[in-house]
Every structure is written in structure tokens, then in C-alpha cells.
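Note that the coordinates shown come from a computational prediction; the quantities given were computed from them, not determined experimentally. Proteins get letters first, then strands, A, B, ... in listed order; numbering begins at 1 in each.
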Protein chains: 2
Amino acid sequence: MPAPDGSIASSTVNISGVHYRTIWPTATGSVRVIDQSRLPFEFATVDLETLEEAASAIRSMVVRGAPLIGATAAYGLALALRQDASDARLEEAARALQATRPTAHNLTWALARMRRALEPVPVSERAAAASREAARICDADAEQCRSIGRNGFELIRRCAESCGRPVSILTHCNAGWLACVDWGTALSPVYLAHDAGVEVHVWVDETRPRNQGAALTAFELAAHGVPHTVIADNLGGHLMQRGRVDMVIVGSDRTTAAGDVCNKVGTYLKALAARDNEVPFYAALPSSTIDWSLDRGADIPIEERPAAELTHVTGRTSSGAMQTVRVVPETSPALNLAFDVTPARLVTALITERGVCAASRAGLQSLYPDRPDSRPLASAAPSDSATP
Amino acid sequence: MPAPDGSIASSTVNISGVHYRTIWPTATGSVRVIDQSRLPFEFATVDLETLEEAASAIRSMVVRGAPLIGATAAYGLALALRQDASDARLEEAARALQATRPTAHNLTWALARMRRALEPVPVSERAAAASREAARICDADAEQCRSIGRNGFELIRRCAESCGRPVSILTHCNAGWLACVDWGTALSPVYLAHDAGVEVHVWVDETRPRNQGAALTAFELAAHGVPHTVIADNLGGHLMQRGRVDMVIVGSDRTTAAGDVCNKVGTYLKALAARDNEVPFYAALPSSTIDWSLDRGADIPIEERPAAELTHVTGRTSSGAMQTVRVVPETSPALNLAFDVTPARLVTALITERGVCAASRAGLQSLYPDRPDSRPLASAAPSDSATP
């Protein structure tokens with residue numbers, strides 16, 4: 001895979017000495033992704049050959065993270081057009097991919113960009129054009145994440161100068177290399193700071209129910225050599241009360257035009273604690289995460305996922321086998337909503353590829369006067385409709 | 001076991017038709033407790049024969065919950081005096097029990113009460129007197145929890161009248177029957193409301209890392225037939241934003257004279273969300289939980305427990321066997337602090353056995369003008385001293 005060529009760092013995460021992206025095309029036309037459902041105990045890749053396999057990989061969270069969902073959807077569309085590149089197939093494939101997950105805006109954004117690029121192309125050339133456009137989306141995402149890293153790095157560097165000790169950063173869920181094509185959003189500044197010799201320590205929220213923090217963020221940070229400590233999602237507030245967190249950086253699955261941040265459930269609780277303890281709270285995101293059509297965070301559909309993700313836990317036994325165990329008694333129902341919305345008033349600033357801005361309409365407009373538009377498609381995925 | 005004789009409800013939780021307390025003396029002089037480390041999948045009891053066994057049961061959380069820790073310590077002192085009831089043994093046993101866990105005030109309170117009662121008693125009569133005093137502590141705890149239930153019930157009843165639908169109550173950790181001798185603190189009002197025909201639904205926080213919500217609160221509520229839903233600790237804030245929580249009721253492991261509430265880690269985050277969404281936040285506690293010697297919640301020692309409680313999860317496999325699995329990679333350290341402090345300013349009111357009062361010095365003094373004193377002993381248990 002192409003290694004980043006920047007001057008601050010030479011690569012993000014290396015697995016056994018090899019630098020990977022999270023998604024790339026193979027010589028046979030399939031798309032290879034890291035199977036994130038098997039991390040942290042097994043590093044394996046899986047090849048996606050069809051639209052259905054790409055959609056399933058997104059739905060089952062073999063791939064996850066807003067930017068990577070967008071990138072996978074783009075390649076999924078390319079796979080769909082390999083046999084039939086008609087207008088009808090393009091429309092049908094985009095709808096199928098759009099329905100995989102309802103919350104991450106990058107999915108909508110990537111599909112709209114693909115359609116804008118492909119609709120003018122003759123049917124006979126669409127499949128090849130789709131692969132090229134998906135690759136461009138991936139390259140652009142990696143470059144944007146790199147820029148997010150540079151912009152966020154300045155915040156960490158200034159904090160290190162003023163506090164005179166390692167900067168303690170709390171993050172929730174996984175918004176690192178694995179959530180994107182490369183570098184990450186929330187973790188990109190952390191990698192750049194670490195590589196530049198700025199001492200950092202990351203508090204890694206476990207992130208129930210799917211444990212993306214314990215499984216993915218901890219894995220990434222360990223692979224890159226960044227000092228970190230895994231904590232229960234419940235602990236961050238206490239650590240902030242005791243002055244042990246210098247800043248919070250999280251990713252975003254969808255950000256409204258007014259700066260509300262929809263991210264993995266529990267993010268809102270950390271933002272409240274940050275505000276209560278005067279700890280800066282940042283959300284790091286590429287502009288593909290911004291939903292310019294939405295003003296109110298409350299209007300973002302919140303995905304309901306299977307209760308089994310909460311009632312069961314998968315891990316490794318002492319003998320090395322992977323095992324799933326039930327932790328909630330059969331007699332108790334469970335509800336698994338995957339996201340929440342942090343109102344803009346609790347967000348100190350947004351870190352984007354164009355710079356750092358206030359989490360507000362004015363802040364976003366100052367960075368994006370051109371306001372990239374997207375063409376949303378209807379979503380058919382389930383959202384927050386369960387009743388107690 | 002003696003069944004409560006009140007008019008609102010006839011019992012709390014029945015296991016296979018039998019009403020249990022969580023701790024009781026056997027005919028042979030040992031003390032029997034429910035082994036809470038095996039719930040929710042196995043209901044078993046264990047007999048404590050010695051001081052060491054009682055101390056170990058507290059330390060390893062075979063028994064847990066502030067009131068039950070106090071009751072077990074009282075019986076542990078009685079067990080210690082069976083062979084040797086000298087002043088030196090009394091002193092030594094009290095110190096050993098005090099060192100088991102640092103945060104719950106009921107431990108200090110029960111040991112001080114036992115010593116006040118036993119020191120004037122001739123050595124030859126102390127063992128019998130200790131058993132009687134421990135039984136009185138248990139009876140008083142059950143009665144106090146019953147009174148907490150009656151006082152909290154009024155809050156639920158009024159809420160039901162004003163909202164005209166089932167009252168949705170969020171609770172964190174387990175502050176039910178299993179945390180006490182009987183009835184519970186936070187759940188006692190819930191049981192009384194349910195039994196009185198007031199429709200309630202409980203959001204049960206899973207409560208990582210030891211899952212006391214998923215394992216114990218869910219088990220209790222299911223056994224009593226109270227409608228409930230298990231949720232990730234991360235979800236409560238979102239549910240409050242969406243108007244799906246009418247009140248929060250939690251227990252307390254130590255409450256300062258100024259009304260700060262130390263409880264299972266993560267409680268503070270729920271209190272912040274409750275305040276942000278104008279949801280009433282109550283802590284329910286017997287006066288044995290109040291540390292009149294402390295004004296500042298920040299001075300309460302916060303217990304650090306083994307990281308393995310976070311890095312590993314125990315549950316039941318599909319074949320019915322209990323299995324422990326690792327969920328955090330070996331390359332990542334973890335920090336497990338068990339409690340946090342919710343400042344009084346975030347607590348709507350305290351529910352005690354004497355009534356409901358403001359979470360403030362004036363509020364507590366209005367209910368406790370006599371201010372029961374305790375005589376603290378030095379603690380040797382570890383507390384929040386880890387560094388990143």
C-alpha cells in the first residue's frame with residue numbers, strides 16, 4: 001500500500017512491519033478489507049466480490065467508522081456495476097447500500113458523489129469509472145485525515161507547552177486509522193503528536209456494547225506505540241473531576257450544519273463531563289461527515305442494532321479460543337441504540353481538514369463557504385423507534 | 001426468613017417461591033450469604049465460618065452493596081470473636097474488616113457500632129452479644145430500606161399522576177435487595193410502586209466493569225416481575241434527551257455531610273445528563289451511609305480494583321458452561337476505579353429512612369438533628385492513586 005509521504009510522520013499503524021490501509025482493490029477486481037469483527041485478537045482480511053458482500057460487511061460491522069463506511073459503499077457500488085452498469089442497477093445498488101446503516105453521513109455522501117460522477121459516463125465505461133472514483137474517494141479520505149491530524153496536532157502541541165507534562169487525551173469509540181482509510185480522525189492528531197515527540201497518553205473508553213475502544217483503539221495505539229490505558233465508559237467523568245484529562249477528542253458519524261455532533265452512544269455523556277470540568281471537547285471529522293441539509297441534531301436517525309450486541313460478549317478464553325458468552329439473563333430485554341447527539345453548545349471546536357472552527361453554523365461556514373452539497377437518498381434502515 | 005409485614009407489599013424478591021434475605025445466621029453459628037459473584041445464572045449460597053472468610057467475601061464481592069458490606073462486616077466481627085473475644089482480638093478483627101474495601105461508609109459505621117456495643121460487655125459474653133448486635137444491624141437495615149421505599153414511593157406515585165403513563169426510572173449499578181439485607185435502597189421505592197399497582201419501567205444500566213446492573217438488578221427485577229430493559233451505560237443520556245426517562249434513582253456508598261454522593265463509577269455522568277435534561281436525580285440511602293465527618297466529596301477514597309475486572313468478562317456459553325473471556329488485548333493496560341462522586345448540586349434530593357431532603361448540609365440536618373456519630377478506623381485498602 002502507498003505509504004504517506006508527509007514530513008511529520010512516515011506512516012500510521014504498522015502490523016508486523018507492514019503499513020496497511022483499511023480497504024484496497026485487489027488485482028482481480030475484488031475489494032479487500034480488514035475484518036474488524038475479529039480484532040484485536042486476530043488480524044485477518046476478507047475479499048468482497050459483490051454488492052451483497054459489501055453491503056453485508058457494512059451492516060455486520062466487518063467494516064465500520066463513518067469514513068470507512070463511505071469508502072466501502074463507494075467500492076460496493078463499483079462491485080455492483082461489474083456485471084450490469086445500467087442506470088437501473090446503479091439506482092438499485094445505491095439504494096441497497098444506503099439502507100445498510102442509517103446514521104453515518106459519509107455513506108450518503110459517498111453514494112451521491114459516486115452517482116454524480118457515474119451518471120454522465122456511458123454504461124460501457126461505468127464499471128471502470130466506478131473503481132477509479134472509489135479509489136479517488138479513498139485517497140481523498142486519507143489525505144483529509146492527514147490534514148485533520150495536522151490541524152489537531154497544533155491543539156495538542158499548545159496544550160503540551162502550557163501543561164508541561166504528557167498530554168492526557170480521552171477518546172470514545174474508535175475514530176482512528178481503522179475507522180477511516182488511513183490515519184483516522186480523532187487519532188490522527190495523536191499519531192502526529194506522538195511521532196513529533198510530543199508526549200501523549202490516551203484514555204481509551206471501552207465503548208460498550210461493541211467495545212470498539214477496547215478492541216480497536218487499544219489495538220491501534222499499541223501497534224503504533226502510543227501510551228494508553230483502557231477504562232470503562234463510566235470512568236471518564238471521574239478522571240476529568242480529578243484533573244487527569246487535558247482534552248477530549250472524538251470522531252463523528254454525522255455533524256449538522258449547526259455543529260451538533262452525532263457519534264457513538266455515550267459521547268454526549270463525556271461532553272457533559274468535559275463542560276462541567278472545563279476540559280476542551282473536540283470532534284474531528286472530514287467534511288464528508290457534515291450533513292448540510294440538517295440543522296437539528298435531534299433529526300438525525302439513531303440506529304437500533306441487535307440486542308445481542310449488548311447481551312452477549314465475545315472474547316478470547318485462556319486457551320486461546322474465541323468464545324461468545326451471555327452476560328444478561330434471558331429473562332431481561334435489552335435495547336441497543338448505537339449513537340447519540342452532542343449539542344454544539346458542548347463542543348469546544350470542530351477539527352476538520354480545512355482547519356479548526358467553532359461548532360456552529362458560522363464556524364462551519366467560515367471554513368466551507370463553498371459548502372459541498374450532497375444528494376441524499378431515502379433510508380430504509382431501522383432507527384430509534386423502540387418503546388420501553 | 002421473616003417476611004415484611006407492611007401493608008403496601010408483602011415481600012420483595014422471591015427465588016423459586018422462597019423469600020430470602022441476603023445474609024442470615026445458621027443454626028451452627030456460621031453466616032450464610034447469597035454468592036452474588038455467581039448471579040444471574042446460578043443462585044447459590046455460601047457459608048462464612050471465620051473472620052477471614054467474611055473479609056474475603058467482602059473483598060472479592062461475593063457480597064457487595066454498601067448496606068450489605070456493613071451487615072457482613074458486623075457478622076464477620078461476630079465470627080472473629082467465637083474463639084477469642086479479647087479486646088485485642090476485637091481491635092484486630094475490626095481493622096482487618098475495615099481494610100477490605102475503602103469507599104462504602106456502612107463498613108466503618110457497622111464496625112464502630114459493633115465496638116460501641118461490645119466493648120462494655122464482659123469477654124465471656126461478647127461472642128453471643130456480637131451475634132445479637134449483628135442481627136439487630138440487619139433488622140434495622142431491612143426496616144430502614146423499607147422506610148426508604150415508602151418515602152421514595154411517594155415521589156414515583158406523584159410522577160405517575162402527573163405524567164399519566166408508566167413511570168420510566170433509570171438506575172445505575174445494583175442498589176436493590178441484593179445490595180442490602182432486604183428491599184434495597186434505590187429499588188425499594190420501585191418494588192413498592194409496582195406492588196401498589198403504579199406502572200413503572202426501569203432502565204437498567206449494565207454497569208461496567210462488573211456488570212452489577214445486567215447481572216443483579218436485571219435478575220432482581222425479573223424475579224419480582226417489574227418491567228425493565230437493560231441498556232449500555234452509554235445510553236442513558238440519549239434516553240433522557242429523548243424524554244424517555246422520568247427520574248433517576250441510584251444508591252450511595254458514601255454520602256458526605258454536605259450531600260455529595262459517592263456511588264458506583266458512572267453515576268456522576270448520569271447526574272450530569274439528568275441536570276442537562278431537567279430529569280429529577282435522586283440518591284436513596286440509609287443514614288448509615290452518611291459520613292458526617294466529611295464535607296467534601298473529593299476527600300472520599302476511591303477504590304482501585306483489579307484491572308482484570310475490566311479486561312475480562314465472565315458469562316454463560318451457549319452450552320450452559322460459565323466461561324471467562326479476555327476483551328482487552330494483552331498489550332494494553334487498564335485502570336479500574338470503582339466509584340465516583342456526584343456533587344450535591346446535581347442531586348435533586350436524598351431519599352432516606354426519615355424522609356426526603358435536599359442534598360445539602362441543611363437538608364440532612366433537618367432530618368438528622370441528632371446526627372448519629374460514628375467512630376472511624378484507619379483504612380489500609382488501596383485507593384485512587386494510579387497514574388497514567
[options]: which one forms the most heavy-atom pairs within less than 4.5 Å of chain B?
{"options": "K264(A), M322(A), H172(A)", "value": "H172(A)"}
{"options": "A273(A), S318(A), G213(A)", "value": "A273(A)"}
{"options": "R275(A), K270(A), E330(A)", "value": "E330(A)"}
{"options": "R208(A), H228(A), H312(A)", "value": "R208(A)"}

Please identify each residue that fulfils ring pair (Phe, Tyr, Trp, His ring centres under 6.0 Å) with H194(B), with sequence neighbours left out. H224(B)

Top of [options] for chain A proximity - count of heavy-atom pairs under 4.5 angstrom:
{"options": "L346(B), I231(B), N336(B), T314(B)", "value": "I231(B)"}
{"options": "D233(B), D340(B), T331(B)", "value": "D233(B)"}
{"options": "D276(B), L269(B), N234(B), L235(B)", "value": "N234(B)"}
{"options": "P329(B), A338(B), A307(B), A215(B)", "value": "P329(B)"}

Determine whether T207(A) and D205(A) satisfy the following criterion, side-chain hydrogen bond (donor to acceptor under 3.5 Å, both in side chains), listing intermediate values before the conclusion. CA-CA 5 Å; T207(A) 318; D205(A) 273 2; 5.5 Å; no

salt_bridge(R101(B), D253(B)) N-O dist < 4.0 Å: no

Tell me whether the count of non-hydrogen atoms from other residues, nucleotides or ligands lying under 6.0 Å of CD in E278(B) goes above 12. no

Measure [X] against the heavy atoms of chain B and call it side chain, backbone, both or neither at under 4.5 Å.
{"X": "R165(A)", "answer": "neither"}
{"X": "A222(A)", "answer": "side chain"}
{"X": "T317(A)", "answer": "both"}

Report the residues that fulfil side-chain hydrogen bond (donor to acceptor under 3.5 Å, both in side chains) with Q241(B), sequence neighbours left out, ordered by chain and then residue number. none

So which part of P40(B) gets closer than 4.5 Å to some heavy atom of chain A, the side chain, the backbone, both or neither? side chain

One pair to check against side chain to side chain contact (heavy atoms under 4.5 Å, CB included): L187(A) and W177(A). What are the steps and the verdict? CA-CA 7 Å; L187(A) 294 188; W177(A) 161 67; over 6 Å; no

Start with the C-alpha distance between R64(A) and Q212(A), add both sets of side-chain angles, then the distance that settles side-chain hydrogen bond (donor to acceptor under 3.5 Å, both in side chains), and finish with yes or no. CA-CA 10 Å; R64(A) 26 64 54 202; Q212(A) 293 98 326; over 6 Å; no

T348(B) side-chain N/O to P280(B) backbone N/O, donor-acceptor pair under 3.5 Å: no

